[in-house]
Every structure is written in structure tokens, then in C-alpha cells.
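Quick notes on the structure that follows.
Please read these numbers as outputs of a predicted model, since none were measured by experiment.
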Amino acid sequence: MKLPDDIALLATVCNTTPNAVPFTLWYACGADEYLVDLSDVLGLPGDGGLTGLACVGDRIYAAVQSSDAPRILVLDRALAHVATITHPQFKDIHSLHGMESALLVCSTAAQSVLRVDIDRHEVASSGVTTLCTFDSPVHLNSACFDGADLLVCCHYPERVIAGAMGGGVINATHRQVVLGGLTQPHSLTPNGSGYLILDSDGRRIIRFDHTGVTGQQALSGFPRGIATANGALFVASSAGRVISRKNPVAPPGRQFWQAVAEPPAIHELDEWSLARRAMHIPLIAGFEIYELLAFSGAGAIAPAPDRLIRPDPLSLARAYYEAAKHALAQRHQRP
């Protein structure tokens, strides 16, 4: 793959196999791509990769998907670990949204959106405030502000708002539907005077504002993760939960061929027209890309060389090969 000049991307990978957890942050710049070695802080019991990703000032925040110890890693621009933020209300963190001096944290298993105040210089958690909590499981996965109102992207809004149809965006402050009729939406992102959202199971990106949908573009795969830089819009996609920590080998049949046909990819679009520019295929960015960050300008990200690992381009091929062998063996065992 070859990214535009002076663009660097970071991507997080979730639902991965235990041995891959320490390497679930992916970095690409130009024609070079790497896995970031976080084995000093990732790979604890219960860890399943990374989900949310945000940048505030000179710090990068990555949410750890963990059944035992959900937490937020704080990295510098060299991708070195400088701190860890923990809190009892962190439960199955799905996304992070950076603001001037705080993070919005979607604590999905707690059905809550939290505000975590941060000091950019000391890099420490100085307070956690619960902004909203739902009594029913709506699988909230991203959030941002519309003025003073909190917008939440979720899958089952009808469980908290009567008459809501499909997944979408709700105003959690006034409990109103903002955008409905989507299937498994993700990655609610402010953009200009409106917002972007991924209709993941509908394979499209949508731009909307208070008047409704103002633009959309069809995509391939299961899109999740949005980033913008220099007029370019990057959207990550994968084949869904075909290979994961629970299913480390792609199953035979339709899902196996879906994984082959739709490998992890980065769609590059024009930020404002949503016109397609290119599709970038990483050597390997895990099986489920969750979130993206884009940086512009030379040196915006300057990883320490000892943090970077060249990915093995054959690792996915080996997984597919083992799945094909398994499918063939099953066929031969049939009477």
C-alpha cells in the first residue's frame, strides 16, 4: 500500500488471538507499515486487543479491550507508553473521543458515556463524570457533543426511545432520535457543520446534519473507523467477526470466502464529496480494525525504532490455508 505523502495512520485491532494482543496497534506512513510492540503493557489476562483511539495534544489514548482489566493506555508521539488510566466504571470500552482537555469514553458494558478529564502535561486522570446511563442494553459504541447535547451512536435505540427504528444516533440529553434506520452503525464523528457515521452492516458511510442525510457513499467490507487529514477521508473495513480470539481459524463455507474476498482495508475518499480515491490493503492490520487516527505533516508521529515490527505478509494466508485444510478434512469425513 502507498498512502499520500505526509500522511500517517494509526489503527487499533480488536477481538484478536491472545498471542497477537501485544501487537494490535498498526502504524503506516507512505509505503511503510508496521505493528507496534506494546508487549510491555498489553497481553494481560483477559486482554483482547485495542478498540478506541484518540489524540489530545501530544498524547495518544488507546482503549484496551479486556474482560479483566479495561483501561486506557497513554502514549507519546514516539508511541512509547507513558501512563495508564483506570477507573471502576470502565467496562468494555468501545470508543474514545478527544476534546480539548478531556476524553469521552463509551463504557459499553456499563451502558454509560463518561467524561475523563485529563491534564495534557501531567497525563493523569483528574476526574471521571458520568454523562449518561441507559437502563436497557443499547450497545452504545461512540459519542460526541452537538453544542451542549450529547449524541450517542447505538444499535438498539428502540429499547430506550419508543418508536425508534433500526440503529442510529440518538440525542441522549433529550432522548430523541437524530438519525435512524441504520444497521450496526459505528464511528460517529463530527465533520464540518455536520457528522459522519458508518452504517457498518449496510456497507456505507453517511454524512448528516440537523436537516437529515446530506451525502453517502457505498463501501465494501464491514466499515468501522474514520479519520481525516489534508482533505482526505480514511475509512477502515474488515470482514466482520470471521477470525477472532474465540475463533482463531476462519470457519469453512461462506464466512471463509468472505474473509478471503474482503481482507482488512483502508478506503480513501474525498473528505467533502465522499468520492472514492483509492483502496489501501495493509499487509496485515489484524482481523478486525476498530478505529483510525490520521496525522499530517512530517514527524507528526515519530515512533521509536525498537517499537516497530515489520508485519508478516503471509500470516493471514497461513490462517486461510489452515481453514481450507480443515474444511477439506471435514468433507472427507462425511459418510
Side-chain angles (χ1 to χ4, degrees), residues 1-14 16-17 19-44 47-65 71-85 93 95-98 103 118 120-124 225-230 232 234-236 238 264-266 268 280-316:
M1 61 177 283
K2 175 66 170 70
L3 294 174
D5 293 339
D6 295 331
I7 295 290
L9 293 180
L10 287 177
T12 54
V13 176
C14 67
T16 193
T17 53
N19 63 321
V21 167
F23 315 105
T24 48
L25 183 63
W26 173 83
Y27 164 73
C29 183
D32 297 320
E33 56 180 292
Y34 304 90
L35 301 175
V36 181
D37 184 356
L38 293 174
S39 55
D40 54 334
V41 288
L42 274 180
L44 301 179
D47 286 1
L50 298 171
T51 52
L53 192 61
C55 182
V56 180
D58 60 354
R59 296 301 189 230
I60 296 166
Y61 300 84
V64 179
Q65 181 187 55
R71 58 201 184 276
I72 299 173
L73 304 180
V74 186
L75 311 176
D76 62 19
R77 293 295 185 99
L79 304 184
H81 175 252
V82 295
T84 299
I85 302 174
I93 301 172
S95 73
L96 306 175
H97 177 69
L103 295 173
I118 54 176
R120 291 198 224 178
H121 303 289
E122 298 300 326
V123 195
I226 295 174
T228 59
N230 293 353
F234 299 94
V235 178
S238 56
I266 310 290
E268 181 184 343
H280 306 286
I281 305 297
L283 285 176
I284 177 172
F287 304 119
E288 287 188 57
I289 303 175
Y290 195 93
E291 192 58 277
L292 278 179
L293 279 183
F295 301 85
S296 61
I301 295 290
D306 61 353
R307 279 280 178 187
L308 301 180
I309 300 173
R310 287 278 185 184
D312 176 2
L314 300 180
S315 57
L316 280 180

message: Measuring only between side-chain heavy atoms, which start at C-beta, is Trp26 closer than 4.5 Å to Leu10?
response: no
- prompt: Looking at Gly43 and Val21, what are the two nearest heavy atoms and their distance?
  reply: N-CG1, 3.7 Å
message: How close do Asp6 and Asn230 get, counting heavy atoms only, and between which atoms?
response: O-ND2, 4.5 Å
query: Any side-chain heavy-atom pair from Tyr34 and Arg310 closer than 4.5 angstrom?
result: yes
message: Check whether Asp37 reaches the backbone of Ser39 with its side chain - one donor and one acceptor, N or O, closer than 3.5 Å.
response: yes
field: Rounded distance (nearest 0.5 Å) linking atom CZ of Phe234 with atom CD1 of Ile226
entry: 13.0 Å
- prompt: Where do Thr51 and Glu291 come nearest, in terms of heavy atoms and distance?
  reply: O-CB, 3.5 Å
field: Expected output: side-chain Glu268 to main-chain His280 donor-acceptor under 3.5 Å
entry: no
Considering all heavy atoms, the nearest Ile289-Ser238 contact: N-OG, 4.0 Å
query: Do Thr24 and Val36 come close enough that some side-chain heavy atom pair is under 4.5 Å?
result: no
message: Taking side chain to side chain contact (heavy atoms under 4.5 Å, CB included) as the criterion, tell me which of Leu292, Leu96, Ile60 meets it with Leu53.
response: Ile60
query: What's the spacing between Asp5 CG and Cys29 SG if we round to 0.5 Å?
result: 9.0 Å
- prompt: Can you tell if the side chain of Thr12 reaches within under 4.5 Å of the side chain of Leu25, non-hydrogen atoms only?
  reply: yes
statement: The reported gap from CG in Asp76 to CD1 in Ile301 (rounded to nearest 0.5 angstrom) is 9.0 Å
query: Can you name the residues that form a salt bridge (Lys or Arg N to Asp or Glu O under 4.0 Å) with Asp40, not counting sequence neighbours?
result: Arg307
task: First locate atom CD1 of Ile309, then atom CG of Leu38, and finally report the distance between them rounded to the nearest 0.5 Å.
output: 9.0 Å
field: Taking every non-hydrogen atom, the tightest pair across Leu103 and Gly98
entry: CD2-CA, 4.0 Å
query: Do Glu33 and Leu283 come within less than 4.5 Å of each other through their side chains, counting heavy atoms only?
result: yes
Check: Pro303 main-chain N/O paired with Arg77 side-chain donor or acceptor under 3.5 Å: no
field: Leu50/Val64 under side chain to side chain contact (heavy atoms under 4.5 Å, CB included): CA gap, chis, key distance, verdict
entry: CA-CA 5 Å; Leu50 298 171; Val64 179; 4.0 Å; yes
query: Given side chains that start at C-beta, do those of Arg59 and Leu75 come closer than 4.5 Å, heavy atoms only?
result: no
- request: Indicate yes or no: at least one non-hydrogen side-chain atom of Cys55 is less than 4.5 angstrom from one of Leu293.
  value: yes
query: Between Leu73 and Tyr61, is any pair of side-chain heavy atoms under 4.5 Å apart?
result: no
field: Intermediate values then yes/no, side chain to side chain contact (heavy atoms under 4.5 Å, CB included), Asp47 and Arg71
entry: CA-CA 10 Å; Asp47 286 1; Arg71 58 201 184 276; 2.7 Å; yes
- prompt: Nearest heavy-atom pair of Ile266 and Ala236: which atoms, and what distance?
  reply: CD1-CB, 4.0 Å
